[in-house]
Amino acid sequence: MSTKKEIYITQPALPPLEDFIPYLQKIWDSRILTNGGPFHQQLEDQLCAYLGVEHISLFSNGTLALVTALQALRITGEVITTPYSFVATAHSLLWNGIKPVFVDIDPHTLNMDPARIEAAITPQTTAIMPVHCYGHPCEVDAIQRIADNYNLRVIYDAAHAFAVRHQGGSLLRYGDLSVLSFHATKVFNTFEGGAIISPDAKTKQRIDRLKNFGFVDEVTVVAPGINAKMSEINAAFGLLQLQGIDAALAQRKAIDQRYRQLLRGMKGIRCVDTAPGDSANYSYFPILVEDDYPLTRDALYQRLREQHIYARRYFYPLISEFPMYRGIASAHADNLPVASHIAQRILCLPIYPGLLPEQQAMIVDILAQGC
Ligand SMILES: Cc1ncc(COP(=O)(O)O)c(C=O)c1O
């Protein structure tokens, strides 16, 4: 058995267990376990205040929130999206019987390249689903201009973008809807969880009905909704997590800065920048292992694993390479040269509150040994 401590790409931040017990006691006392109980309501209110948004609907996970966001806006036909994301982005389209149309990414932001959207629009296109990959903001103004010109809706997969601000306000206020994930691996987690940010109360009301089977009242069902409600346990945990979020974000920032300092000048390793002026959440630390690095990305990934460091190749393979997408014309690698290139070179290094400076130094040492 190995004596070396494993370092994973992330480790969920957890408050002391005893701090959670009073919340559990309240749930046991009230016997309200789900269906929009008091903790659910409090978490919605506190998240609105923290994120600087007006309307939020909590979900049991981000994937069901994506599926429901598409239902809420009655999206059909084709949706333009990015192949460079977690599979849930495109899966949410298939679950709605919608055809994903993949467009390539920008080589610097690694987000959907707005310059490629227009060429992908057909009479069947109804929406654009971009991803703020790693929490780095998409070119929201350019995307909105195209959406306005062609009368398309925009649903942002903002699973990585908790607390990211852009142009003086929340990044989540762009587009028609934004979808968050509160999965255990995310900056803010409720074990499992997610949310949709709506621009108005009417849209939130439709979403709240859709996540509860379509119920309006005891005897009225207005849509074939799903069960995607967040439970009281998850909501209570979210309230506790929110108390520590600023400290967690500050620690992530310090880790990000230390990596950048340690990696400065290392031949063949490029850190992915966030857009200038944007306030990031440091949810990931992506590097590109370029052609002048002596090892391939996969050889470096293996070398790190041998030292019990579990970096991850987010995002490789591209969504468009999975069997259920491969047959779509836009999934062809010739249509996605930048995403294909990046997917072969990307590596996300461990980043989480509690990652020690000496652990970071050890990781960077292994990278340097490759040189
Ligand atoms: C970009 C992206 N979209 C969607 C999801 C799905 O969220 P969840 O795991 O909460 O269902 C994730 C991550 O898990 C993700 O990274």
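One-based numbering, in listed order, for ligands and for the atoms of each. Everything numeric in this text was worked out from a predicted model, so none of it was measured. Along the sequence shown, residues are numbered consecutively beginning with 1.
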Within reach of ligand 1, part of Thr63 (heavy-atom separation under 4.0 Å) = both
Run the ring-centre check on His132 versus Phe162 and record whether the distance is less than 6.0 Å.
-> no
Give a yes-or-no answer on whether the side chains of Asp208 and Ser57 include a donor-acceptor pair shorter than 3.5 Å.
-> yes
Tell me, which protein residue and heavy-atom name are nearest atom 3 (N) of ligand 1, and how many Å apart are they?
-> Asp157 OD2, 2.7 Å
Can Asn111 and Glu139 be counted as having a side-chain donor-acceptor contact under 3.5 angstrom?
-> no
for atom 14 (O) of ligand 1, nearest protein heavy atom and its distance come out as Lys186 NZ, 3.1 Å
Enumerate the residue pairs fulfilling salt bridge (charged side-chain N to carboxylate O under 4.0 Å, His left out) with a member in residues 228-244, sequence neighbours excluded, ordered by first and then second residue.
-> none
Verify whether the ring centers belonging to Phe237 and Phe20 lie closer than 6.0 Å.
-> yes
For Gly62, is at least one N or O under 3.5 Å away from an N or O on ligand 1?
-> yes
If we number the atoms of ligand 1 from 1 as shown, the ones under 4.0 Å from a heavy atom of Ser85 are 1 (C)
Should the heavy atoms of other residues, nucleotides or ligands under 6.0 Å from CZ of Arg313 be counted, would the total exceed 12?
-> yes
Protein heavy atom at shortest distance from atom 2 (C) of ligand 1 = Ala159 CB, 3.4 Å
Pull out every atom of ligand 1 sitting under 4.0 Å from any heavy atom of Ala88, numbered as shown with elements.
-> 4 (C), 5 (C), 6 (C)
Taking atom 5 (C) of ligand 1 as the point of reference, which of Tyr84, Phe86, Tyr134 owns the nearest heavy atom?
-> Phe86
Out of curiosity, does Val140 fall in the hydrophobic cluster containing Leu177 (side-chain heavy atoms, cut-off under 4.5 Å, transitive links)?
-> no
In terms of its nearest heavy atom to atom 10 (O) of ligand 1, the top option of Gly194, Cys133, Ser181 is Ser181
Considering heavy atoms of the protein only, find what lies nearest to atom 16 (O) of ligand 1 and give residue, atom and distance to 0.1 Å.
-> His160 NE2, 2.8 Å
Just which atoms of ligand 1 are under 4.0 Å from any heavy atom in Gly193?
-> 10 (O)
Gln41 side chain to Asp45 side chain, donor-acceptor N/O pair below 3.5 angstrom | yes
